[in-house]
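When a ligand or atom number is given, it counts from 1 through the structure's own listing order. Predicted model only: the values in this text are computed from it and were never measured.
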Amino acid sequence: MSFELRRFLPRSLYGRAALILIVPIVTIQLVVSIVFIQRHFERVTQQMTGNIALEVEYMLRQVNAAPDLAAAQQVVAGLVAPLALRVELPSNRALSDTRDFVDLTGAFVIEALYQSLGAAAATAGQPSNPVLGVDLVAERGQVLLLLASDKGPMLVTMDRGRVSTSNAHQLLVLMVVTSVLMTLIAFGFLRNQLRPIAQLARAAEAFGKGRALPYRPRGATEVRAAGAAFLDMRNRLERQIEQRTLMLSGVSHDLRTPLTRLKLGLAMLPDDDEVEALRRDVSDMEKLLDGFLAFARGDALETPQPTDAVQLAQQAVENAHRAGRNASFDPPVPPLANPQVLLRPEAIARALENLLNNADRHASQVVLSLSLSPKNLIFTVQDDGPGIPEDLRAEAVRPFARLDPARSQNRGMSVGLGLSITADIARSHGGTLRLGHSERLGGLKAELVLAR
Ligand SMILES: Nc1ncnc2c1ncn2[C@@H]1O[C@H](COP(=O)(O)OP(=O)(O)OP(=O)(O)O)[C@@H](O)[C@H]1O
Ligand SMILES: [Mg+2]
């Protein structure tokens, strides 16, 4: 299929199925009806015209056989009533073959008149065709036929209804009406068949954004099987996430008890450099465990709820200030009409905290902004620090990845989980974490993209 053609095809399954259904039916109907109508009306017209031609030919023979014009006129006068024709003899009208362009059977009428009368004249021993012209247009609903007789030109007029059937459109109307009706019924059935697929797609999409829509497999066997497989997968994934959360938080929690004991023990010891170093180690380990816990919580257990995105961002900046960190909020211009977005507020707050934390650690100027489109919500954190070189960005997002420690101002110990947790949170909202270069401040630009 060429690219050009694909552009005009409907994108939705429903549209395509309808197309597959309708195109062949319409084509078959068109071909069959055109061929049938043409054949049918051609034959009928020929037969009807042939009959009239016999009558006209009979009259023409009588006229030719009459001794003079007056006798011929008498003959004609006797024939017009029983034959239901109108005759003008002699006539001074000049006729050429004319018919309406849309008059499909008109061509057959003209052709059949020439043929029948010509053939009759030939058998009577006359070499030339007596027909001089046939006009279907000059008088409404009438056929004007000009003939050459021995007594001069003879104009015969008859009802159009006698030479061709006129209700060709009835068949067409009937056909169009039935096809429209059948297509509508087919549409109804088709929609019912496609609805379960659309439902499955919605449930899968929602799950990708971290929302569990109620879903029950239904529809045709194959769709039902796909639906059941999806449910299985969803349950397995949910179980796995839960297990990972439980295990990691269990480990972190169990490690915390001996660590606390260790801390207490160290507090009892007299202050000297060695003990001080040990205390630092212990506090670093505590921080590591906190990071672990945050990572483990994964926020999979929090349910999404409509949240004011602007307020969330403002709150994140305020929290950063309270923790003594540098950050500013750049509210969207113009103000958002409806900043409500379905998300997990705690998780997003943690993600923003991570990004602000990182920026503050590496830079002096930090700006948080956000943008909202029908498809997604993007929080952007920009700073004026050294940024992350393009080839190291993927590495920075990996768990426990700390880039060159000399680059950071080393305020506080780092675990290397911040970006990884943030990316995880973005993924669980059907989005991603994008790292780039900030044109505005020259440092890192971290975009938290969330699907709506
Ligand atoms: N704003 C930034 N500017 C420059 N480098 C950054 C920035 N943010 C992160 N990085 C680099 O990416 C690495 C990974 O960041 P990440 O947040 O995952 O871990 P961390 O900050 O080192 O530790 P944690 O956040 O767990 O305390 C950091 O060690 C740092 O080298
Ligand atoms: Mg960090």
Side-chain angles (χ1 to χ4, degrees), residues 244-245 248-249 251-252 255-256 259 280-299 313 316-317 319-330 346-370 378-429 431-449:
R244 184 189 76 165
T245 311
L248 276 176
S249 53
V251 167
S252 313
L255 277 177
R256 204 186 280 271
L259 205 62
R280 255 205 317 276
D281 280 350
V282 167
S283 111
D284 281 356
M285 276 173 83
E286 244 181 340
K287 234 179 239 161
L288 225 119
L289 279 182
D290 283 344
F292 250 149
L293 264 174
F295 187 58
R297 271 202 300 275
D299 309 290
V317 169
N319 287 347
H321 289 165
R322 223 172 303 135
R325 283 196 284 267
N326 209 354
S328 65
F329 177 54
D330 208 6
E346 276 179 44
I348 299 300
R350 179 158 319 116
L352 292 180
E353 187 193 330
N354 285 343
L355 293 179
L356 291 174
N357 212 339
N358 278 355
D360 178 68
R361 189 178 292 166
H362 296 92
S364 55
Q365 209 184 339
V366 181
V367 176
L368 169 65
S369 57
L370 71 96
I378 306 179
F379 291 100
T380 310
V381 177
Q382 306 188 67
D383 65 47
D384 61 351
I388 304 180
E390 205 169 336
D391 49 331
L392 291 181
R393 284 175 195 156
E395 168 71 18
V397 179
R398 295 224 328 256
F400 305 107
R402 275 151 291 182
L403 308 179
D404 179 14
R407 293 183 333 129
S408 71
Q409 288 159 12
N410 205 20
R411 284 208 258 152
M413 122 119 193
S414 83
V415 183
L417 279 174
L419 287 180
S420 153
I421 291 172
T422 307
D424 227 33
I425 291 170
R427 264 195 297 276
S428 80
H429 283 80
T432 53
L433 173 68
R434 275 200 302 245
L435 298 182
H437 172 72
S438 164
E439 299 291 339
R440 186 168 149 192
L441 296 175
L444 185 75
K445 175 164 92 170
E447 285 176 305
L448 184 66
V449 185

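Distance alone, capped at 3.5 Å, places no donor-acceptor pair between the His362 side chain and the Gly387 backbone. At least one donor-acceptor pair closer than 3.5 Å links the side chain of Ser328 to the backbone N or O of Val366. Within the 3.5 Å criterion, the main-chain N or O of Asn357 finds no donor-acceptor partner in the side chain of Arg325. Between the side chain of Asp384 and the main chain of Ala363, no donor-acceptor pair closer than 3.5 Å is present.
Each of Val381, Thr380, Ile378 was compared with Ser369 under the side chain to side chain contact (heavy atoms under 4.5 Å, CB included) criterion, and only Thr380 meets it. Partner Leu355 forms a side chain to side chain contact (heavy atoms under 4.5 Å, CB included) with one of Leu444, Thr422, Leu368 and no other, that one being Thr422.
Under 4.0 Å from ligand 1, heavy atoms of Leu419 appear from its side chain as well as its backbone. Residue contacts with ligand 1, taken as heavy atom pairs separated by less than 4.0 Å, involve Arg402 via backbone and side-chain atoms alike. Neither the backbone nor the side chain of Asn354 comes within contact range of ligand 1; no heavy atom lies under 4.0 Å.
Annotation: Arg361 places an N or O atom under 3.5 Å from an N or O atom of ligand 1; distance criterion only. Geometrically, ligand 1 and Gly418 share a nitrogen or oxygen pair separated by less than 3.5 Å.
Numbered from 1 in the order shown, with element, the atoms of ligand 1 that lie under 4.0 Å from a heavy atom of Gly416 read 18 (O), 19 (O), 20 (P), 22 (O), 23 (O), 24 (P), 26 (O). Interface atoms of ligand 1 facing Ala359, defined by a heavy-atom separation under 4.0 Å, are 1 (N). Close approach of ligand 1 to Ala396 (heavy-atom distance below 4.0 Å) involves ligand atoms 12 (O), 14 (C), 18 (O). Atoms of ligand 1 found under 4.0 Å from any heavy atom of Asp383 (numbered from 1 in listed order, with element): 1 (N), 2 (C). For ligand 1, the atoms sitting less than 4.0 Å from at least one non-hydrogen atom of Ala401 are 13 (C), 14 (C), numbered in the order shown with element in parentheses.
Within the 4.0 Å heavy-atom shell around ligand 1 one does not find Gly385.
Taking CG of Asp383 as the reference point, atom CG of Asn358 lies at 9.0 Å (rounded to 0.5 Å). Distance check, rounded to the nearest 0.5 Å: CG of Asn319 to CG of Leu356 gives 9.5 Å.
Between Glu395 and Arg398 a salt bridge is recorded (basic side-chain N to carboxylate O distance below 4.0 Å).
The heavy atom nearest to atom 29 (O) of ligand 1, out of those in Val397, Leu403, Asp384, is found in Leu403. Nearest residue to atom 10 (N) of ligand 1 from Leu392, Leu444, Ile388 is Ile388 (criterion: closest heavy atom).
The distance from the Mg ion (ligand 2) to the nearest N/O/S atom of Asn354 is not under 2.8 Å.
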